[in-house]
S.K.: 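The structure is given below, and queries will be raised subsequently.
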Amino acid sequence: MEDEVERRQIQQILELDNEELQIEEVESLLESSDDDRDASGVVSPDDFTFNTQLTSLHSYLGEVDDTRHRSAFWDGGAVLNLPLFYLEGVVLFPEATLPLRVIEPNFVAAVNRAMTQADAPYTMGVVRVYRDSNDGPLRLAKVGTTAEIRQYRPVEDGSINVVTRGQQRFCLRRCWIDAGGAPFGEIQIIEEDIPFRTPRDAYAKLVPLNNRRGQQILSLNALSHGGRNDENDSEANSEESFENELTQTERRIHQSAIGACYDSDRMDESTSSADYNKLSESDSQSGSPCGTDSTFLGSSPSGHEKQVRNTDLGIGTKSMARKVAEPRSHLSSTLSRAFAPIWVYRMYDSFCLAQKAADMWKQIVGTPSMDGFVKKPDLLSFYIASKIPVSDPTRQELLEIDGVSYRLRQEIELLERLDRVRCKICKTVIARRSDMLVMSTDGPMGAYVNSYGYVHEVMTFRKAKGLATRGRPHKEYSWFPGYAWTIINCASCDVQMGWLFTATNEKLKPKSFWGIRSCQVKDETR
């Protein structure tokens, strides 16, 4: 069935390639490009006829064979020796596709080693390389991603065409060149955390703190009289249900907070109404849950997650114990056993964050649907990180973040603030996020390789400004079947920014769009 679908898609590509080249003048195409969206800013179905599935096939590479091999996932902390493939301006994320045209002999050797190695067959490590300055030496990033070779075809000239897919993040411990000239590295697989969900009873059904000692006394009395209190049983079950849904670390934190509250009950229970009013006023000034959320956005390594969480919430500190204990006479009847309000839980609830990020992405991009990702916050965090229109250093930072909730919160902050895309050299505004256009099932940004073996991560926009075309359109080796490409430069500093893609027949829509290289943009926030 899959072979039949692929055959029909290839036939569509051939039909597009056989169309007579009918490229209109660039000026007229740009004038009509504003008509591709309706008043709401969404692309109308009638103005979009391109099959985005064709792009993800990377048919410009020619015939490639499916390796029909799927690598097993390694446990977190596993240490492996893998052939390395390092790329400048490219960041590979788990589940992202990376096409390669391997020409250089050392990388050809690396791919061949990856195809034949016994301990990790069909797998190599992909690492971003960068320069601290324009003339500085190349440096390897500390975190990369394993890539599984899905498709492979050697070419007569000695090069290799491959299509890979990102699998797992790793830390690069050391690297070397083996006897055959292939770059190798010792890597350690990063252990990914499990997406955190707020327990149902964390802030809802739990009984007041002051009832616990009374509950224990009543339970003892009931046992001594051979009786049973159904209400107390329900409360105990609620507490047990809450604690069962916590991880071992979270359970210790919760019990520590509860213990602090019980210890505080031995203190003087007299609290003036003025103290209570002061506390209430302080709480009201802290803001609503939604308003407070943004002040905590940022990234923090998962190894310090417990410390950060304790610091943010004030758990285990004397000040926290005092704050809980002071208003006892007034608040004890309503204070939940949960040690933080609902909005604090939601700050770390990966599923709540995933829903928010998916809604924002849907609003900005329009397509594709993100419903399937909401149930998998870890995959959603990698997807958005690989597609968000920001510079490659920023995406490298997202790759290096440990913790699903921290990565999602950083992405939400970027989506809230991101507005304009600028030229990295002269800072000229060339596009806005609202003009992103999805021309591939992989999303509005993807990796493509040219005939010379250079990999480019390209953002697609329906319109742009401050750019100038250079040369004539070319139909050969087009990443988007049915479109010809023309090199575009920044009109101010003349650096190459990407390509203008124009339709080769009248039926294909959109008639034109822009492909901007991510390595040539500077992040701009509003």
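Fair warning: this is a prediction, and the values are worked out from it, not measured in the lab. Starting from 1, each residue takes its place in the sequence as its number. Computed over heavy atoms, backbone and side chain alike; hydrogens, waters and symmetry mates excluded.
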S.K.: I need the Thr441 OG1 to Leu54 CG distance, nearest 0.5 Å.
M.R.: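 CG of Leu54 is found 9.5 Å from OG1 of Thr441.
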S.K.: Quick one: OG on Ser434 to CG on Asp419, what's the gap to the nearest 0.5 Å?
M.R.: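 Reported value, rounded in 0.5 Å steps: 7.0 Å.
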S.K.: Is there a donor-acceptor contact under 3.5 Å linking the side chains of Asp359 and Gln355?
M.R.: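 Yes, a side-chain donor-acceptor pair sits under 3.5 Å.
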S.K.: Within this structure, what is the CD-CD distance for the pair Gln167 and Glu148, rounded to the nearest 0.5 Å?
M.R.: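 Output value for this atom pair is 4.5 Å.
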S.K.: Return yes if some donor-acceptor pair links the side-chain N/O of Arg150 with the main-chain N/O of Arg165 below 3.5 Å, else return no.
M.R.: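 Checked: no pair found.
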S.K.: Return yes when atom CZ of Arg139 has more than 12 non-hydrogen atoms of other residues, nucleotides or ligands closer than 6.0 Å, and no otherwise.
M.R.: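 No - once you tally the heavy atoms of other residues, nucleotides and ligands closer than 6.0 Å, there are 12 at most.
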S.K.: Output, in order, the C-alpha distance, side-chain angles, deciding distance and verdict of side chain to side chain contact (heavy atoms under 4.5 Å, CB included) for Asp442 and Thr55.
M.R.: CA-CA 9 Å; Asp442 291 333; Thr55 306; over 6 Å; no
S.K.: Can you measure from CD (Glu186) to CG (Leu172) and round to the nearest 0.5 angstrom?
M.R.: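 Interatomic distance, Glu186 CD to Leu172 CG, rounded to 0.5 Å: 9.0 Å.
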S.K.: To check you understand the geometry: which heavy-atom pair defines the closest contact between Ile412 and Leu353, and what is its length?
M.R.: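 Taking Ile412 first and Leu353 second, the nearest heavy atoms are CD1-O, 3.7 Å.
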S.K.: Out of the candidates Arg128, Arg395, Lys387, only one should pair with Glu457 under the salt bridge (Lys or Arg N to Asp or Glu O under 4.0 Å) rule; please name it.
M.R.: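 For Glu457, the salt bridge (Lys or Arg N to Asp or Glu O under 4.0 Å) test succeeds with only one of Arg128, Arg395, Lys387, which is Arg395.
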S.K.: Could you check, using the six-membered ring where one of them is a Trp, whether Tyr448 and Phe480 have ring centers closer than 6.0 angstrom?
M.R.: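 Under 6.0 Å, so yes.
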S.K.: For Ser492 and Thr428, what are the C-alpha separation, side-chain angles and deciding distance, and is it a side-chain hydrogen bond (donor to acceptor under 3.5 Å, both in side chains)?
M.R.: CA-CA 7 Å; Ser492 299; Thr428 299; 3.3 Å; yes
S.K.: Counting distance only, does the side-chain N/O of Lys511 pair as donor-acceptor with the main-chain N or O of Leu508 below 3.5 Å?
M.R.: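 Checked: no pair found.
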S.K.: Measuring centre to centre across the rings, with the benzene-like ring taken for any Trp, is Phe93 within less than 6.0 Å of Tyr383?
M.R.: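 Here the rings of Tyr383 and Phe93 have centres that are no less than 6.0 Å from each other.
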S.K.: Under a 4.5 Å cut-off applied to non-hydrogen side-chain atoms, are Asn450 and His456 in contact?
M.R.: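 In short, these two side chains touch, coming nearer than 4.5 Å.
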S.K.: If you draw the axis of the six-membered ring of Phe461, does the NZ or CZ of Arg432 fall within 45° of it and under 6.0 Å from the ring centre?
M.R.: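 So Arg432 doesn't make the cation-pi contact.
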S.K.: Locate the shortest heavy-atom distance separating Leu61 from Leu100; write the atom from each residue and the value.
M.R.: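 Residues Leu61 and Leu100, closest heavy atoms: CD2-O, 4.4 Å.
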S.K.: Taking atom types as modelled and ignoring hydrogens, do the side chains of Asn161 and Tyr60 form a donor-acceptor contact shorter than 3.5 angstrom?
M.R.: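 There is no such pair between these side chains.
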